Amino acid sequence: MCRHPRRGEAGRQVSAPSARRADVGRRIGVGLMYGLWKPRVLGAWKVPATGPAILAVNHSHNIDGPMVMGVAPRPTHFLIKKEAFVGPLDPFLLGIGQLKVDREIADRAAITDALGVLASGGVLGIFPEGTRGEGDFASLRAGLAYFAVRSGAPIVPVAVLGSSERTSRLTKALPPLRSRVDVVFGDPFEAGDGSGRRTRQALDEATGRIQKHLSAHLDNARHLTGRRENAGRPAGR
């Protein structure tokens with residue numbers, strides 16, 4: 001996730017990345033995720049059928065993004081760290097509507113692209129923790145609050161559970177083939193306080209509210225799926 005944008009960085013008119021490309025990515029994700037693993041999807045109906053929405057996804061394994069992309073009911077444009085866009089993955093990820101972001105700066109191009117997705121009524125996918133870790137929403141960057149407050153789009157919490165519990169005997173960087181991975185979508189919520197403020201303080205307060213919602217959803221998802229906690233250190237590090 002990018003840092004706080006500086007004043008004026010995202011003030012110009014935005015254009016939307018191709019929704020058609022994101023739909024191609026979703027179709028590819030459906031085939032791969034259901035072909036390699038056994039996703040169990042709960043609450044997908046909670047994702048708004050139309051209009052802008054932000055999927056806030058916990059992140060403990062490399063397959064979390066592709067998994068959500070494949071099982072989400074709508075095509076999703078994920079903000080993905082620029083380090084993933086290497087070799088043939090660069091044109092491929094761009095070709096399926098994913099967004100490249102430099103996490104170390106206020107990335108103007110990524111901010112513009114993300115706001116364009118939301119302005120056109122699309123779905124933006126974000127890993128609010130900023131990087132792969134325990135996947136517990138314990139530490140959030142400010143980018144999620146900025147996009148939610150500025151666009152007014154509802155946030156849909158998403159918990160991916162089971163992707164990092166065990167590793168495959170064949171490929172240590174992946175979960176065991178045909179193992180179950182749970183994806184739980186939560187109730188949409190608004191990040192802002194209704195004032196319309198976009199100050200640093202307002203965004204910090206919004207981040208606090210977001211963290212409470214996401215943590216509560218993760219606890220509920222663990223209860224629903226019977227996965228009480230992450231088993232050990234995330235795989236694929």
Side-chain angles (χ1 to χ4, degrees), residues 17-80 84 89 92-93 95-99 117-118 121-129 132 135-137 144 153-168 171 173-189 213-214 217-227 230 234-236:
S18 170
R20 182 178 298 178
R21 291 182 176 181
D23 188 52
V24 171
R26 179 176 179 271
R27 294 172 186 272
I28 294 173
V30 167
L32 285 177
M33 296 303 107
Y34 282 94
L36 296 175
W37 295 285
K38 295 180 179 180
R40 181 173 63 168
V41 184
L42 303 175
W45 57 270
K46 296 180 179 181
V47 178
T50 60
I54 300 173
L55 303 185
V57 186
N58 69 326
H59 195 22
S60 62
H61 198 284
N62 285 331
I63 74 162
D64 295 338
M67 181 64 68
V68 173
M69 193 186 306
V71 305
R74 296 174 59 187
T76 305
H77 303 263
F78 266 95
L79 276 168
I80 301 174
L89 280 179
F92 173 73
L93 291 173
I96 59 172
Q98 305 311 295
L99 313 179
V117 167
L118 298 171
V123 178
L124 179 68
I126 293 179
F127 300 114
E129 296 160 291
R132 182 160 44 94
D136 56 4
F137 294 127
L144 173 55
I155 296 173
V156 179
V158 185
V160 181
L161 302 173
S163 61
S164 61
E165 287 184 350
R166 294 180 297 144
T167 59
S168 170
T171 306
L174 295 174
L177 297 181
R178 307 305 299 159
S179 62
R180 195 187 81 202
V181 177
D182 294 319
V183 183
V184 186
F185 294 86
D187 294 318
F189 66 92
H213 277 280
L214 298 186
H217 171 66
L218 184 58
D219 288 342
N220 184 56
R222 287 171 173 164
H223 175 73
L224 288 173
T225 61
R227 299 180 188 271
N230 290 334

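These figures come from a predicted structure and were not determined experimentally.
A distance of 9.0 Å separates CG of L214 from CG of N58, quoted to the nearest 0.5 Å. If you take CZ on R180 and CH2 on W37, they are separated by 16.0 Å, rounding to the nearest 0.5 Å. Rounded to the nearest 0.5 angstrom, R21 CZ and L93 CG are separated by 12.0 Å. The CG atom of D64 sits 9.0 Å away from the CG atom of L161 when rounded to the nearest 0.5 Å. Annotation: the span from D182 atom CG to R227 atom CZ amounts to 4.5 Å, rounded to 0.5 Å. N220 contributes atom CG, which lies 9.5 Å from atom OG1 of T225 (distance to the nearest 0.5 angstrom).
A19 approaches P75 most closely through the heavy-atom pair O-CB, 4.5 Å. Closest of all the heavy-atom pairs between F185 and P73 is CZ-CD, 4.4 Å. Closest heavy-atom contact between V184 and H217: O-NE2, 2.9 Å. Residues F127 and L79 come closest through the heavy atom pair CD1-O, 4.3 Å. V57 and P128 get closest at one heavy-atom pair: O-CD, 3.3 Å. Shown here for A22 and T76, the closest heavy-atom pair between the two residues is CB-O, 4.1 Å.
Put simply, the side chain of S163 does not reach to within 4.5 Å of the side chain of M67, judged on heavy atoms. A 4.5 Å side-chain heavy-atom check between H213 and P157 finds every atom pair outside the cut-off. With contacts defined as side-chain heavy-atom distances shorter than 4.5 Å, the pair I63/P175 qualifies.
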Where do L174 and L36 land on the side-chain contact (heavy atoms from CB on, under 4.5 Å) test, with the steps shown first? CA-CA 10 Å; L174 295 174; L36 296 175; 5.9 Å; no
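Residue pairs meeting the salt bridge (Lys or Arg N to Asp or Glu O under 4.0 Å) criterion with at least one partner in residues 65-75, sequence neighbours excluded, do not occur; the list is empty.
Counted within 6.0 Å of CZ on R20, heavy atoms from surrounding residues, nucleotides or ligands total 12 or fewer; the atom is thus considered open.
Residues that satisfy the salt bridge (charged side-chain N to carboxylate O under 4.0 Å, His left out) test with R27, not counting sequence neighbours, are D23.
Results of the side chain to side chain contact (heavy atoms under 4.5 Å, CB included) test with I96 over R26, H77, M69 single out M69 as the only residue that passes.
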What pairs of donor and acceptor atoms, side-chain ones from residues 42-53 against any protein atom, are under 3.5 angstrom apart with sequence neighbours left out?
| residue | atom | partner | partner atom | Å |
| --- | --- | --- | --- | --- |
| K46 | NZ | D187 | OD1 | 3.4 |

